[in-house]
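Structure first, commentary second.
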Amino acid sequence: MPEAEFTSYYGRPILKAPVWKWDIAAYLFTGGLAAGSSLLAAGGQLTGRPALRSAGRVTSLAAVTASTVFLIRDLGRPARFHHMLRVAKPTSPMSVGTWILSAFGPAAGVAAVAEGAAWLPERGLSGLARRVLPPVGHAAGLAAAVTAPALATYTGVLLADTAVPSWHEAYPDLPVIFAGSALASGAGVGLIAAPVAQAGPARRMAVAGAALELYGSHRVETRLGLLSEPYRTGSAGRLLRAGRALTALGVAGALLGRRSRTLSALSGAALLGASVATRFGIFHGGVASARDPKYTVVPQRERLQRRRAAEG
Amino acid sequence: MLPDPHSLSGPLDPAPEAGWTDAPPRMGFFTDTSVCIGCKACEVACKEWNDVPGSGLDLLGMSYDNTGALTANSWRHVAFVEQSRPAGHPAGVAGAGPQFLGMPGAQPPGRAGGAQGRTDFRWLMMSDVCKHCTHAACLDVCPTGSLFRTEFGTVVVQEDICNGCGYCISACPYGVIDQREGDGRAWKCTLCYDRIGAGKTPACAQACPTESIQYGPLDELRERAAARVATLHERGVGEARLYGHDPGDGVGGDGAFFLLLDEPEVYGLPPDPVVTTRDLPKMWKRAGLAALAMAAAAVAAFVGGSS
Ligand code: SF4
Ligand code: SF4
């Protein structure tokens, strides 16, 4: 692509680059992981695959806890995190996300705690808990799974609903990438934790997740004209390429490793790594597009010219 | 439920839209850069009145601009652009871009070195500020309700509510609102909410010695601005144009708009800003589709195989 001609004020950025630190990129991963593994857990629960169920539930609780920590840590005033609960605003994806997390988190928590029922003594009060917990965990696990797709995809809107050029213009694709990445990371947990006899659904989930993730990433890297450039160059480009390579390895391992526990586990780890790389790649691509005035001025100039040409 | 799509873009009166009954007329700024002399009285008056912390001494090498940009600690920013223009400067040489002519120096450019070295040049100065957008992305995305619309149609952060999530900062299409270091919260121009509530003029407009910054009811300012552009055009200043005055633009028009003498990007302004939430209904729809695809894939993974 030829160097775009444009004017700026001493080469300074027009936009303020996001002040979000790496915690938010990490949250994109953990939030997706929580969603993907709760779907895996619910599937395991409904089809009698206890290994998928318990690994999914425990991972989901760990990931949603990490998510909350990342989100609060990133605030300028962490002690005021509860101010998010003052309002519910559909025009603020962050507000919507807060409420999605508030519904998902407790459900995932109860489902994971219920996994401990088998370790309780059979007599007395704990014996009662031992009988009551599993059905409560079932209901909570299903509630978490119903909320999970919203948790995995709202983050695409969270990034797109900004003035950051390469995030905003990618709005049709970001939720697709994040849905795929969440499925693939949830599948990764299943491949690592479950014996091969139970891991069939995780393999199929890995393929579907990888397909969505690769399709979406390909679109943001090629469809946006000048605004695709930040996703192909610099650290974002390296991260997205690494993500693609790991996804390919993970899917290959998942398909070839039907009889090998080791190969399955390795492919699961590759899928988790791919999800981390993709999330950080998308995050950094957007930040790079806000830092360079070229990505603000040139597309807006072109838009103006098109409009003036249409007006005659 | 998303609000009526009309309220996310297009022309409207923001205070009644935000639920104010009997709202006073919408108030704003008209900043006429053609009379700005770059004295920075506005920057200083704003800091004084609003008790904005100093930003330290920083020599940027950008003409007389050592402020650099609007930040959490600079709510007015005077931009200085040096441009050399061919002698006889035909009207309408615009978009030439800034060029560093060595200001500040001991003498005006071209004075030293005899007649050969002389060039025609012009100096553009502009006092930038928060635009108090009709459709303010910062306000739309704020998850705490800290940012709100005042009865005057302006946009203000409530410092006791902001938790420093930073969403507004990524959402503003003009790069105005910013996080204060060591404080963590978001800060920007309030259009002197305390002063205008008491019937006074904002500190910057009060201090401006050339009336480059004018404060008043937005309708009146728009009329005055249109007349000023017409006068300048008559006098042969063909490059004079308004910026942010049009209620039909991507943010529904600015509460603080400008008269510029070159393309907006020369001053560090976006040429065609659009409020990001205009596309929000389409974004939620895409997210909904992706969520359905995700749920369907999970179901298929469990029911659609033999192992
Ligand atoms: S210019 Fe930026 S900070 Fe000011 S009202 Fe508009 S969106 Fe908000
Ligand atoms: S940083 Fe403060 S004002 Fe800005 S969106 Fe977050 S809570 Fe609202």
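The basis for the numbers below is simple: all heavy atoms, side chains too, and nothing from hydrogens, waters or symmetry mates. The sequence lines fix the lettering, A, B, ..., with proteins before strands; numbering per chain opens at 1.
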Which heavy atom of I169(B) sits nearest a heavy atom of A17(A), and at what distance? CG2-O, 4.3 Å
Heavy-atom neighbours of R307(A) CZ exceed 12 at 6.0 Å: yes
Where on T98(A) is there a heavy atom nearer than 4.5 Å to chain B: the side chain, the backbone, both, or neither? neither
Measure the OG1-CG distance between T153(A) and L292(B) for me, rounded to the nearest 0.5 Å. 9.0 Å
Could you check if a side-chain atom of D65(B) sits within less than 4.5 angstrom of a side-chain atom of Y9(A), using non-hydrogen atoms only? yes
Count the heavy-atom pairs under 4.5 Å between each of P273(B), P271(B), A290(B) and chain A, then report the option with the highest count. P271(B)
Okay, H83(A) and chain B: the region with an atom under 4.5 Å from a heavy atom over there is both
Can you tell if the side chain of D140(B) reaches within under 4.5 Å of the side chain of D161(A), non-hydrogen atoms only? no
For chain B, find its close neighbours in residues 71-80 of chain A: heavy-atom separation under 4.5 Å, sorted by number, or none. D74(A), L75(A), G76(A), R77(A), R80(A)
How many angstroms lie between OG in S170(B) and CG in L15(A), if you round to the nearest 0.5 Å? 9.0 Å
Does any N or O in the side chain of K89(A) come within less than 3.5 Å of the main-chain N or O of C142(B), such that one atom is a donor and the other an acceptor? yes
I want to check something: taking the side chain as every heavy atom from C-beta on, are H82(A) and N163(B) in contact at a cut-off of under 4.5 Å? no
Using atom types as modelled and distance alone, determine if a side-chain donor or acceptor of Y167(B) lies under 3.5 Å from a backbone N or O of T162(A). no
If you tally heavy-atom pairs under 4.5 Å against chain A, which of C168(B), G68(B), A298(B) wins? G68(B)
Contact origin within K282(B) toward chain A - heavy atom pairs under 4.5 Å: both
Less than 4.5 Å apart, side chain to side chain, heavy atoms only: is that true for C165(B) and M94(A)? yes
May I have the list of side-chain donor-acceptor pairs in residues 178-187 of chain A shorter than 3.5 Å, sequence neighbours left out?
from    : atom 1 : to      : atom 2 : distance (Å)
S181(A) : OG     : S275(A) : OG     : 2.7
S181(A) : OG     : R279(A) : NE     : 3.0
S181(A) : OG     : R279(A) : NH2    : 3.4
S185(A) : OG     : S181(A) : O      : 3.2
S185(A) : OG     : A182(A) : O      : 3.0

Pair R301(A), E263(B) - check side-chain contact (heavy atoms from CB on, under 4.5 Å), show working. CA-CA 10 Å; R301(A) 268 279 148 228; E263(B) 298 294 352; 2.8 Å; yes
Below 4.5 Å from any heavy atom of chain A, which atoms of V299(B) appear? Answer side chain, backbone, both or neither. neither
How about NZ on K21(A), more than 12 heavy atoms from neighbouring residues, nucleotides or ligands closer than 6.0 Å, or not? yes
One should read off an interatomic distance between Y171(A) OH and T276(B) OG1, to the nearest 0.5 angstrom, of 10.0 Å
Apply ring pair (Phe, Tyr, Trp, His ring centres under 6.0 Å) to Y154(A) and W284(B), showing your working. CA-CA 8 Å; Y154(A) 96 86; W284(B) 283 129; 7.4 Å; no
Between G184(B), G164(B), P143(B), who has the most heavy-atom pairs with chain A when the cutoff is under 4.5 Å? P143(B)
Identify which of P93(A), G156(A), A42(A), A290(A) forms the greatest number of heavy-atom pairs closer than 4.5 Å to chain B. P93(A)
Close side-chain approach of V266(B) to S8(A), heavy-atom, < 4.5 Å: no
With a 4.5 angstrom heavy-atom cut-off, which part of A137(B) approaches chain A: side chain, backbone, both or neither? neither
Kindly give the heavy-atom pair with the smallest separation between A163(A) and P173(B), and that separation in Å. CB-CA, 3.7 Å
R12(A) portion near chain B, given a 4.5 angstrom heavy-atom threshold: side chain
A297(B), P264(B), G250(B), C162(B): which one forms the most heavy-atom pairs within less than 4.5 Å of chain A? C162(B)
Most contacts with chain B, counted as non-hydrogen pairs under 4.5 angstrom, among L158(A), I24(A), V146(A): L158(A)
Looking only at non-hydrogen atoms, find the nearest pair between A301(B) and M205(A) and report the distance. CB-N, 3.8 Å
Non-hydrogen atoms of chain B under 4.5 Å away: do they reach the side chain of A160(A), the backbone, both or neither? both
Counting heavy-atom pairs closer than 4.5 Å to chain A, which one of R278(B), K285(B), R185(B) comes out on top? R185(B)
For P172(A), is it the side chain, the backbone, both, or neither that has a heavy atom closer than 4.5 Å to a heavy atom of chain B? both
Heavy atoms, side chains only, cut-off 4.5 Å: are V176(A) and R286(B) in contact? yes
Select one option (side chain, backbone, both, neither) describing which atoms of I177(B) are under 4.5 Å from chain A's heavy atoms. backbone
Whether the side chain of Y10(A) engages the backbone of G268(B) through a donor-acceptor N/O pair (distance < 3.5 Å, no angle test) should be reported. no
Under 6.0 Å from the CD atom of Q158(B), do we count more than 12 heavy atoms belonging to anything else shown? yes
CA sep, side-chain torsions, deciding dist, call: T91(A), V141(B), side-chain contact (heavy atoms from CB on, under 4.5 Å): CA-CA 6 Å; T91(A) 63; V141(B) 304; over 6 Å; no
What closest approach, in Å, do R86(A) and S146(B) show between heavy atoms, and which atom pair accounts for it? NH1-N, 4.4 Å
Are any non-hydrogen side-chain atoms of R303(A) and V274(B) less than 4.5 angstrom apart? yes
Among A202(A), S95(A), A150(A), G43(A), residue most engaged with chain B (heavy-atom pairs, under 4.5 Å): G43(A)
Would you call D178(B) and K16(A) a salt bridge, using N to O less than 4.0 angstrom? no
Contacting moiety of A211(A), where chain B heavy atoms sit under 4.5 Å: neither
Where A287(B) and V157(A) come nearest, the two heavy atoms and their spacing: CB-CG2, 3.5 Å
Could you tell me if the side chain of F302(B) sits less than 4.5 Å from the side chain of L52(A), heavy atoms only? yes
Part of L269(B) lying under 4.5 Å from any heavy atom of chain A: backbone
Please determine, among P270(B), G166(B), A293(B), the option with the most heavy-atom pairs under 4.5 Å with chain A. P270(B)
Test side-chain contact (heavy atoms from CB on, under 4.5 Å) on M294(B) and L212(A) and set out the steps. CA-CA 9 Å; M294(B) 184 177 177; L212(A) 286 176; 5.5 Å; no
